[in-house]
Every structure is written in C-alpha cells, then in structure tokens.
There are 2 protein chains.
Amino acid sequence: MMNIGEAAAASGVSAKMIRYYEETGLIPPAGRTSSGYRTYGPKEVQILRFVRRARDLGFPMEKVADLLALWRDRSRASADVKHLAEAQVQALEARIREMQEMKAALQHLVHSCAGDQRPDCPILDDLGGHMASAGLSAMAR
Amino acid sequence: MMNIGEAAAASGVSAKMIRYYEETGLIPPAGRTSSGYRTYGPKEVQILRFVRRARDLGFPMEKVADLLALWRDRSRASADVKHLAEAQVQALEARIREMQEMKAALQHLVHSCAGDQRPDCPILDDLGGHMASAGLSAMAR
DNA sequence: TATGGACCTTCCCATGATTGGAAGGTCAAG
DNA sequence: CTTGACCTTCCAATCATGGGAAGGTCCATA
C-alpha cells in the first residue's frame, strides 16, 4: 500500500490531480488509513496510469470516463472501445487540420514580408486589413 | 460612432470579449456617451478585427498584445513583426507535431483492435498496461 | 406621452485541467 | 522530542469565453 505521493510517482499523475479525479468521480474514492491518509495499491495505480495515458493520447476527461467504464466492464465488446478511439482519432485530425490551415496562412504572410528595417509589413497590413477576412474568421477556434 | 453591439458585429469579436479585452488592457478603454455607453469608431473596429484575425491565426493573447504594439508603432522594422510571426509558425508546428504523434499512437492501437463482439481489446490493454509508458507520457500536454 | 422591447451597463458565476498556497495534522528518522 | 517531509482540506488563480441577473437607456410605435 502506498500513500498519495508514491502513487503519484508510480503513475505519473500528480497528487493534486489524483485528488481532483477522485473529487470529480472519475476514479472511486481511495481507501484511508486510520489517520486519514489515502492509500493506493497496484490496482489503483494501474487505473491512474490508464487515465494518464488516455490523457496523453488527447482524450478529454469525459471520454476517459467512458473508456474507464468500458475497461471495468468485462463484458464490453472491443468494438465499443474501437469506436471511441476512432472518434478520438478524428477529433485529433480535425484539430490538426485547423492548425495546419492557421500555419499555412501565417507562413504565406511571413514569406511576403521583407523582414528588414523598413516599416512596411504585409503581416500587419493583413491583420489590420479593411477586408472582412471572412475565410479564416469562419474557423472555429 | 457605433455602440458595442454594432462594433461586435462589424469586427467579429463578441461584446463580451470586447469588454474583456478592454478590462485586461489589450485594447485602450473605449469612449463613452454621456449615459455610459461605450462608443467605437472605424479605427477601433479595425483594432478589434486585428485582434480577431491574430487570434484566428493562433496567436496567444500575449503575442497579440506584442503585435498590436508593433502595429501602433509607425517606426518599427518589419523584421520585428516577421520574427513574431515566425515564432508563431514554429509554435504551431510543435503543437501539430505533438498531436500527430498522439494520433499515430492511437491509430496504431485502433488497427490492432479487432472491433468485434469479443472483449479482448489491445487499446484497453495498452492503456492499463503494466509498462511505464515512458515514451508518450513524456509528452507535455 | 407612455410603453415595450432591444439594447446597454456592471457584477458574479461556470467552464476544464491544472497548479499554487495556507493552515494544520501525521509520520519517521535523528 | 524535534525536525522536516509528507499528508489533509479549503481557497484561489490561471486563460478565454459564455451565461445570466439586476438595473439603466434608447427609440419606435400605439
């Protein structure tokens, strides 16, 4: 049995976040010693690592909760899990695409800027431009 | 002269955010009518559009403030602006790379999952795995 | 001129995930 | 027995944004 600090070190989740996950119900309340310290065993650490890894993979907390439920449910079909993961891949793809569009637009501006001592700068001209800038403005951020 | 609602419509920045930008000092305080309404002219709307566009391009607020300062400074060199924009391109590239790594890791898992009725699922196996998962865990999110 | 509705004002709250700190209790080693 | 490193709870801040309440203003129409 470990205390919260050891569990944090073993799982890669900070003690602060472990308490937060418990408070929000993502993970079940930890056991307590007679003096009130939280206790964690290997199983709990594994759950924490699960959460950590899923967060690393970009799953929002809500989806992590879904994954945890599937993980705990021995009878679930792997198709359910695969579906969640595929949705997450698509969410990542969408965000990547968005950011690539931003980058392309910005690079275009960078390339058209002399970058010397003169004050003329197409980048600022574009940013302050009088046109509606409808294209990029439509991008949800 | 427009009121805040008209300025919001003309700039694409919500009234809420206009007040917030003013409060945080990103933009100077707007003029007021005798009854306390904020007033905006074409110049102010242009500034708001500038902010909006820069945010669309992924600039964090802090960098937007830098860009605004350069914009207002008639004597600045275009190199300064270009430098900021290049840094932003690199920041975007780094984030894109991170997310592509996440996506690749997740796709790898998806491909190795049968996705049928059986409960065996490499995705969950990996997430809860006993290994340290050092590689991806090192990725800052 | 009164009234209604669409606007404005300020103020507070919530989000999501995380970090920080203060005040106080506990544990283990010296 | 003291010291320092841990633990506990509670409260606050972050960042950019949205939601809403309570109250004032503006304007068109009845």
Side-chain angles (χ1 to χ4, degrees), chain A residues 1-27 29-40 44 48 50-68 88 91 95 98-99 102 137 139-141, chain B residues 1-27 29-40 44 48 50-68 88 91 95 98-99 102 137 139-141:
Chain A
M1 279 301 176
M2 341 177 160
N3 60 26
I4 201 172
E6 290 161 336
S11 67
V13 180
S14 74
K16 282 273 189 193
M17 289 314 295
I18 295 177
R19 295 192 196 98
Y20 173 74
Y21 290 154
E22 177 180 324
E23 186 193 321
T24 59
L26 182 69
I27 59 176
R32 299 284 185 138
T33 66
S34 55
S35 59
Y37 281 25
R38 287 176 180 83
T39 59
Y40 299 87
E44 284 73 31
L48 289 171
F50 183 105
V51 173
R52 170 68 202 270
R53 181 108 169 89
R55 299 281 304 124
D56 282 348
L57 288 172
F59 283 92
M61 295 263 302
E62 192 196 338
K63 301 295 169 187
V64 177
D66 293 345
L67 284 170
L68 266 180
Q88 174 58 12
R95 291 234 60 214
E98 260 183 29
M99 300 214 303
M102 287 183 206
S137 295
M139 292 188 339
R141 308 197 59 259
Chain B
M1 278 302 175
M2 340 178 158
N3 60 27
I4 201 172
E6 291 161 335
S11 67
V13 180
S14 74
K16 281 273 189 193
M17 289 313 296
I18 294 176
R19 294 193 195 99
Y20 173 74
Y21 291 154
E22 177 180 326
E23 185 193 321
T24 59
L26 182 70
I27 60 177
R32 301 284 185 138
T33 67
S34 56
S35 60
Y37 281 24
R38 288 176 180 82
T39 59
Y40 299 87
E44 284 73 30
L48 288 172
F50 183 107
V51 173
R52 170 69 201 270
R53 179 106 170 93
R55 299 281 304 126
D56 281 348
L57 288 172
F59 284 91
M61 296 265 300
E62 194 196 335
K63 301 295 170 188
V64 176
D66 293 346
L67 285 170
L68 268 179
Q88 173 58 14
R95 292 230 58 212
E98 260 183 28
M99 300 217 308
M102 285 183 208
S137 296
M139 292 189 339
R141 306 197 61 262

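Naming convention: chains lettered A, B, ... in sequence-line order (proteins, then strands); numbering from 1 in each chain.
- Comparing atom distances between the A:Met61 side chain and each of C:dA17, D:dA16, C:dT19 picks out C:dA17 as nearest.
- One can place CE of B:Met2 at 16 Å from C1' of C:dC7, the figure rounded to the nearest angstrom.
- For B:Ser34, there are no side-chain contact (heavy atoms from CB on, under 4.5 Å) partners, not counting sequence neighbours.
- Rounded to whole angstrom, the span from the CZ atom of B:Phe59 across to the P atom of D:dA16 amounts to 14 Å.
- Residues that satisfy the side-chain contact (heavy atoms from CB on, under 4.5 Å) test with A:Gln88, not counting sequence neighbours, are A:Phe59, A:Pro60, A:Ala91, A:Leu92, B:Leu106.
- Axis angle, first five pairs versus last five pairs of the helix from C:dT1-D:dA30 to C:dG30-D:dC1: 30°, rounded to 10°.
- Here B:Glu6 pairs with nothing under the side-chain hydrogen bond (donor to acceptor under 3.5 Å, both in side chains) rule; sequence neighbours left out.
- The separation between A:Glu22 atom CD and D:dC7 atom P is 14 Å, rounded to whole Å.
- Once rounded to the nearest 0.5 Å, the distance linking CE of A:Met1 with OG1 of A:Thr39 reads 5.0 Å.
- Candidate nucleotides C:dA17, D:dG20, D:dA16 were compared by shortest atom distance to the side chain of B:Lys16, and D:dG20 ranks first.
- At the heavy-atom level, A:Arg38 lies under 4.0 Å from the strands shown only through sugar-phosphate atoms.
- Atoms CZ (B:Arg55) and C1' (D:dA16) sit 7 Å apart, rounded to a whole Å.
- Annotation: side-chain contact (heavy atoms from CB on, under 4.5 Å) contacts of B:Tyr21 (sequence neighbours excluded): B:Val13, B:Met17, B:Leu26, B:Ile27, B:Val51, B:Arg55, B:Met61.
- Proximity of residues 4-13 of chain A to DNA chain C (heavy atom under 4.0 angstrom from any strand atom) is not detected for any residue.
- No contact: B:Thr33 has no heavy atom under 4.0 Å from any strand.
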With the criterion being N/O to N/O and under 3.5 Å, what pairs connect the protein with nucleotides 22-25 of chain D, and how long is each?
{"residue": "D:dG24", "atom": "N2", "partner": "B:Tyr37", "partner atom": "OH", "Å": "2.7"}
{"residue": "D:dT25", "atom": "O4'", "partner": "B:Tyr37", "partner atom": "OH", "Å": "3.3"}
{"residue": "D:dT25", "atom": "O3'", "partner": "B:Ser35", "partner atom": "OG", "Å": "3.4"}
{"residue": "D:dT25", "atom": "O2", "partner": "B:Tyr37", "partner atom": "OH", "Å": "3.4"}

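- In this view, A:Ser35 and A:Thr33 satisfy the side-chain hydrogen bond (donor to acceptor under 3.5 Å, both in side chains) rule, not counting sequence neighbours.
- Under 4.0 angstrom from either OP1 or OP2 of C:dT18 there lies no side-chain N or O belonging to A:Ser14.
- Mapped onto DNA chain D by nearest heavy atom, A:Asn3 and B:Tyr20 fall at different nucleotides, with A:Asn3 at the one closer to the 5' end.
- Look at CZ on A:Arg32: it is 6 Å from P on D:dT8, rounded to the nearest Å.
- Rounded to an integer number of Å, the gap from OH of A:Tyr40 to P of D:dC6 is 16 Å.
- One interatomic measurement links the two molecules: CE of A:Met1 to P of D:dC6, which rounds to 21 Å at whole-angstrom precision.
- The two atoms that bring B:Ala8 and B:Ser14 nearest to each other are CB-C, 4.1 Å, heavy atoms only.
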